Structures are given as structure tokens and as C-alpha cells.
Amino acid sequence: MSIPDITIYNTLTRKKELFEPLNPPHVGMYVCGPTVYGDPHLGHARAAIVFDVLFRLLTHLGYKVRYVRNITDVGHLENDADEGEDKIAKKARLEQLEPMEIVQIYTDSYHKSMDMLNIRHPSIEPRASGHIIEQIKMIQDILDNGFAYEVSGSVYFDVVKYNASNNYGKLSGRVLDELLENTRDLTGQEEKNNSVDFALWKKAQPEHIMKWPSPWSTGFPGWHLECSTMSSKYLGDYFDIHGGGMDLLFPHHECEIAQSQAANGNDPAKYWIHNNMITIDGQKMSKSLGNFITLEELFTGSHKLLTQAFDPSTVRFFILQAHYRGTLDFSDSALQAAEKGLKKLLNGIELAKKLIAADASTSDISKLKAACIKAISDDFNTPVLISNLFEAVRITNSVYAGEEKISPDDLKMLNSLFADFTTEILGLSNDQNQQGDELIDPLMNLILDIRQASRANKDFATSDKIRDVLSKLNITTKDEDGGASWTYES
RNA sequence: GGUCGGUUGGCCGAGCGGUUAGGCACUGGUCUGCAAAACCAGCUACAGCGGUUCAAAUCCGCUACCGACCUCCA
């Protein structure tokens with residue numbers, strides 16, 4: 001596929017922009033990954049899937065993409081006011097484990113779920129705890145440039161001073177004066193000059209178990225810093241795309257911009273992309289609200305709102321059926337609808353491989369392909385892309401049923417359309433291993449042969465018995481011209 | 001309270017001034033020994049009230065309701 005014009009909605013400018021890489025064919029992309037102190041949930045899946053599709057698209061188009069997605073294993077404070085306990089440390093205390101054991105458990109859990117969702121591994125997956133030295137260096141740079149101050153072993157970013165020469169709020173649309181007015185009274189802010197200032201380094205209390213030496217104190221880095229240091233380390237001071245969930249827009253990403261500007265005078269990224277939230281009963285699904293559904297629960301059907309287990313591919317398809325910038329409302333019935341829709345799509349793809357070409361086509365495959373390219377190029381409009389793919393399925397089924405015809409060239413294009421868009425870019429495929437089995441396939445052929453023979457002899461008692469028993473084993477049989485086929489669902 | 005966004009048919013969800021989005025569900029038909037799958041047809045909605053326009057779900061205004069961020073979160 002030649003490279004089409006791609007437009008991206010840039011949060012920084014609040015409009016769709018033509019995507020022009022800084023150093024083509026290279027593309028640098030940084031996405032905020034999870035804080036590994038709990039099981040991954042549907043929200044994590046959405047962010048990961050959205051940016052996985054972007055990664056796949058750009059790669060497919062021939063860009064050399066370096067995709068960096070971090071693991072936050074230190075630095076997120078538990079409470080507001082930059083006070084209190086580190087999330088990881090708190091969880092470790094609750095579970096009586098070493099903090100790094102917590103990190104290992106939930107990093108593994110995250111990786112396992114992401115693999116099941118068919119998410120490609122990022123090029124680099126750096127950890128905050130592995131970049132303490134870089135973070136200390138960046139704090140020093142910010143101090144040297146006069147945009148931070150030290151109080152009792154802690155270092156804070158001076159937002160008010162920064163805003164005098166820069167624009168704090170350019171990403172999120174905040175106005176500093178309003179922020180200063182609207183800030184609530186919070187405890188533990190005595191050290192800060194202003195409520196909007198944020199910690200770059202915090203001195204650790206004696207009981208704090210995750211801490212590192214620094215020029216200011218034995219402590220730990222502030223929670224916005226890791227992304228700034230790791231993105232610049234691996235992608236440079238100014239790179240193409242920075243992504244993450246919309247809930248990170250403020251203050252996290254706003255602070256990242258401030259830190260980069262204060263340290264090296266650059267905005268970190270050209271395009272800022274934010275995926276919207278998944279809602280449940282119209283409310284954001286989040287850890288703080290406690291209304292989230294973990295991926296494990298989804299895959300096993302063990303949540304009270306679920307009537308059944310859902311395949312990872314169904315979850316992926318469910319998420320891609322909505323545009324990434326809109327909220328997506330979760331429900332059991334919506335998942336069920338997605339499950340059936342995906343099955344229809346995947347069946348169509350398999351069927352297309354078996355079609356027999358005719359001399360001419362009754363449908364315009366080129367036009368359909370153009371529509372697919374247009375959809376994915378237009379701010380990654382996966383729902384419109386999927387609707388076009390369903391049109392391709394309709395054509396496929398019609399050709400198979402003998403109601404339409406397709407030329408050899410168009411048939412080839414149809415199959416590559418499915419391969420490129422569904423499999424390669426959207427990353428959708430059957431979860432079950434559909435590879436042939438050298439024992440089962442001949443056995444099934446034998447069974448279906450017997451069934452077909454009994455049908456031919458009008459021995460329907462036998463043929464129905466075979467179908468009923470197979471059905472109880474979750475094997476669905478389909479009688480077709482010149483034979484029969486079967487599918488298995490676990 | 002401030003800032004921003006949303007309200008689409010039974011459900012999910014596209015839409016960015018003029019064309020059937022799509023999926024699921026439902027109804028009728030074709031096919032089938034009966035099924036399954038598939039195909040065809042039907043159901044054709046845009047919170048309310050005004051305005052702009054030859055034309056508005058789409059632009060503007062007001063009203064109502066919902067949500068996000070402002071504190072950790074994808």
C-alpha cells in the first residue's frame with residue numbers, strides 16, 4: 001500500500017492535522033503505560049489497542065517506528081498533595097511483599113493480557129525504576145535553569161515562575177490564574193510555594209521502602225518525571241507522537257511539557273493523541289471508582305455483570321468498533337453483539353479464500369479498498385473501516401452463494417484487503433488455533449462422511465444423532481454443496 | 001464553582017450541509033430432509049425550542065439532561 005495522507009487529531013491544537021513525521025521514514029512514538037500495582041482492566045486494554053493499531057498502521061505503511069511504552073514501577077504517589085505513600089509501596093505493604101515482587105506480578109499479568117489481546121510488543125518498554133539517574137539529571141537541569149526549588153530535601157517545579165515565560169496549560173486548555181483560584185485546600189502542601197507546583201523529587205520518610213540517594217535527599221522521583229526522561233532518552237528531545245488516556249491530559253501531560261521546556265527548551269512531542277474512557281452505566285470505569293472490570297474477569301466471565309466469558313479478540317473488536325476519541329459504554333449485551341459480529345467477519349475472511357473467480361466482477365472492489373484506506377487514514381476511524389469490511393463480507397457471501405461474481409484480479413484484491421486491514425492493521429483473528437490437526441481433521445472428515453452418507457440414504461435418525469452429539473461438544477456442523485464443514489468453539 | 005465534551009432507531013455505534021454507515025436484536029422470504037450458515041426485504045432515528053440556508057443529525061442561539069478534567073487513574 002502506498003502511503004496515503006493521514007490526519008491525526010492533535011490535542012495540542014484541538015484539530016485534525018496532516019501527519020508529517022519529523023524525520024521520515026522514522027517515527028517516534030511514546031505512550032504512557034500502566035502503573036503496575038493491580039490487574040489490568042478494560043481501560044488498559046483500550047489504550048493499548050488504540051495505539052497498537054496506530055503502531056501497526058504506520059509500520060504497515062513502511063514507516064520505521066520506534067514505539068516506547070513505559071512501565072511505571074515507582075513514583076506514583078498514593079494521594080493528592082504530593083504527599084503520602086507510593087502506590088507500589090502501599091500495595092507491597094498490604095500484600096506483605098517486596099515492592100519489586102508486586103511490580104513483577106502485575107507486569108507479568110499486564111504482559112499476559114496484552115499478548116492475549118494480540119497487541120504487539122513495543123520497541124522499548126522502559127521502567128521508571130531503571131531510570132533514576134536520568135531523572136535526577138533532569139531535575140538538576142530544571143534547577144539549573146531556575147524553574148524549580150528545593151525545600152527540606154524535596155524539589156518542586158515552580159509552575160508560577162515557569163508560566164511567566166512559558167504557557168502552562170497549553171495542552172489542556174487550563175489558565176493558571178483559574179487553577180490558582182480553584183484549588184481546594186489540601187493537606188501536606190506546606191512545602192510548596194504554590195498549590196499548582198508539583199514534586200520532582202520527594203524526600204522519603206524513614207518507613208518508606210522504595211528510595212534512592214540523590215543530591216537533595218534519599219527519596220524518590222515525582223510522578224510526571226519518568227515519562228519526560230524516558231521519552232527524551234529513547235526518542236530525543238522532540239519526537240513525533242505522544243499518546244495516552246484522556247485522564248492523563250491534565251496534569252500529567254501538561255507537566256511533561258513544562259518539564260521538557262524547563263529542562264531543554266523543547267516541547268516533547270509534535271502530536272498529542274488521547275484515547276477516551278470506557279464507561280459503565282455512563283460513568284468512567286476507573287480504579288478510584290472501583291467499577292472497573294479486569295481483563296481476567298472478562299476472559300473468564302467471572303464478573304457479576306457478565307453472563308459469559310469473552311474471547312480476547314471479541315474484546316479487541318468491541319473496542320475497535322468505536323472511535324478512539326469517544327467514550328465507549330460497556331455492557332454484557334454489547335460484548336455479545338461484538339462477539340457475533342466478529343464471528344461473521346472472520347467467517348467471511350475464511351470464505352473469501354475459497355472463492356472461485358469468474359470473468360468479471362459485479363462489485364467494485366477497488367472502490368471498497370479506497371474507502372478502507374480513507375477510513376483508517378482519517379484519524380484512525382476504525383468503526384468506519386469495519387463497516388467497509390462488512391461490505392466486503394457481504395460481497396464474499398454473495399459470490400459464494402452464486403448471486404455475484406468476482407474477477408481473478410478483484411478476488412486477489414479482496415483477499416489482500418482482508419489480510420491487510422483485518423489481520424495486519426486491526427490485528428483481528430481467531431483466538432483458537434485454526435491450524436489443521438493431523439489426528440482430528442481426518443477423524444472429523446470420517447464422521448462427516450458418515451453423516452452425509454446417512455443423509456443421502458434418508459437415514460435422518462443417524463445424521464441427526466451425529467449432529468446433536470457434535471453440538472454438545474461445541475462443534476457446529478454446516479451442510480454445504482458437495483460436503484460439510486465444522487467449526488469448534490471452546 | 002471553573003474548563004471542556006456529549007445527548008443518534010430496541011441495544012452498541014458512525015456521521016463534520018445534500019448520498020442506505022455498520023454490527024447485534026426483531027419480522028417476513030429464499031435455501032435446507034430439519035437445522036446451521038448465508039442471501040434478499042422490512043423496521044429509517046437524530047434531546048427540546050427557535051434561527052441561518054434552496055437544503056441541517058450536521059452551522060448558530062437558548063433550554064433540559066448526562067459526563068470528563070480540576071486529586072491517583074488507560
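All values below were derived from every heavy atom in this structure, side-chain atoms included, with hydrogens, water molecules and symmetry-related copies excluded. We name chains A, B, ... by the order of the sequence lines, and we start the count at 1 in each one. Since this is a predicted model, take the numbers as computed values, not measurements.
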Residue [X], side-chain heavy atoms: nucleotide from [options] that is nearest:
X	options	result
A/Gln283	B/G33, B/A68, B/A36	B/A68
A/Leu328	B/C12, B/A35, B/A14	B/C12
A/Asp464	B/G13, B/C70, B/G33	B/G33
A/Trp223	B/C72, B/G33, B/G13	B/C72
A/Phe250	B/G33, B/U3, B/C70	B/C70
A/Arg14	B/C70, B/G33, B/C4	B/C4
A/Phe390	B/C12, B/G22, B/G15	B/G22

Between [X] and [N], is there a contact of a side-chain N or O with OP1 or OP2 at under 4.0 Å?
X	N	answer
A/Asn381	B/G15	yes
A/Lys340	B/A25	yes
A/Lys343	B/C24	no

Measure [atom1]/[X] against [atom2]/[N] and give the value in whole Å, please.
X	N	atom1	atom2	result
A/Ile466	B/C34	CD1	C1'	15 Å
A/Arg46	B/A68	CZ	P	14 Å
A/Lys284	B/G67	NZ	P	13 Å
A/Phe310	B/G23	CZ	P	19 Å
A/Arg394	B/C24	CZ	P	14 Å
A/Phe318	B/G22	CZ	C1'	15 Å
A/Leu249	B/G5	CG	P	12 Å
A/Glu339	B/G23	CD	P	17 Å

**Request:** Nearest-nucleotide wise, let me know which of A/Lys478 and A/Ser398 is further upstream toward the 5' end of RNA chain B.
**Result:** A/Lys478
**Asked** On RNA chain B, nearest-nucleotide positions of A/Cys32 versus A/Asn397: which is more 5'?
**Response**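 It is A/Asn397 whose nearest nucleotide is closer to the 5' end.
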In the strands shown, is [N] matched to any nucleotide by a Watson-Crick or G-U wobble pair with both distances under 3.5 Å, and which?
N	value
B/G1	B/C70
B/A38	B/U30
B/A21	none
B/C46	none
B/A64	B/U7

**Prompt:** Above 12 or not: heavy atoms from other molecules or residues under 6.0 Å from NZ of A/Lys405?
**Reply:**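 Counting other residues, nucleotides and ligands, NZ of A/Lys405 stays at 12 neighbours or fewer.
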**Message:** For A/Asp468, I'd like to know if atom CG has over 12 heavy atoms of other residues, nucleotides or ligands within 6.0 Å.
**Reply:** yes
Could you work out the separation of [N] and [M] based on their [atom1] atoms and round it to a whole Å?
N	M	atom1	result
B/A55	B/G15	P	26 Å
B/G42	B/A47	C1'	27 Å
B/U20	B/U63	P	36 Å
B/U7	B/C11	P	15 Å

**Request:** Determine if A/Phe460 stacks with B/G33; use a centre-to-centre distance below 5.5 Å and an interplanar angle below 30° as the criteria.
**Result:**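 Here A/Phe460 meets both the 5.5 Å and the 30° conditions.
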**Message:** Please classify the nucleic acid contact of A/Leu342 as base, sugar-phosphate, or nothing, using heavy-atom distances under 4.0 Å.
**Reply:** nothing
**Prompt:** Considering only heavy atoms and no angle criterion, is a donor-acceptor pair shorter than 3.5 Å present between the side chain of A/Asp479 and the base of B/C34?
**Reply:** yes
**Request:** Please state whether the base of B/G5 and the side chain of A/Asn276 form at least one donor-acceptor pair under 3.5 Å?
**Result:**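 No, no donor-acceptor pair under 3.5 Å.
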**Request:** Check the angle between the aromatic planes of A/His41 and A/Phe292 and answer parallel, tilted or perpendicular using the 30° and 60° thresholds.
**Result:** tilted
**Request:** State whether a side-chain donor-acceptor pair under 3.5 Å links A/Glu226 with A/Asn70.
**Result:**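 Side-chain D/A pair, A/Glu226 to A/Asn70: present.
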**Asked** Hey, does the Lys NZ or Arg CZ of A/Arg325 hover above the aromatic six-ring of A/Tyr9, less than 6.0 Å from the centre and inside 45° of the axis?
**Response** yes
**Request:** Would you please indicate yes or no on a ring centroid separation below 6.0 angstrom for A/Phe198 and A/Tyr156?
**Result:**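 No, ring centres 6.0 Å or more apart.
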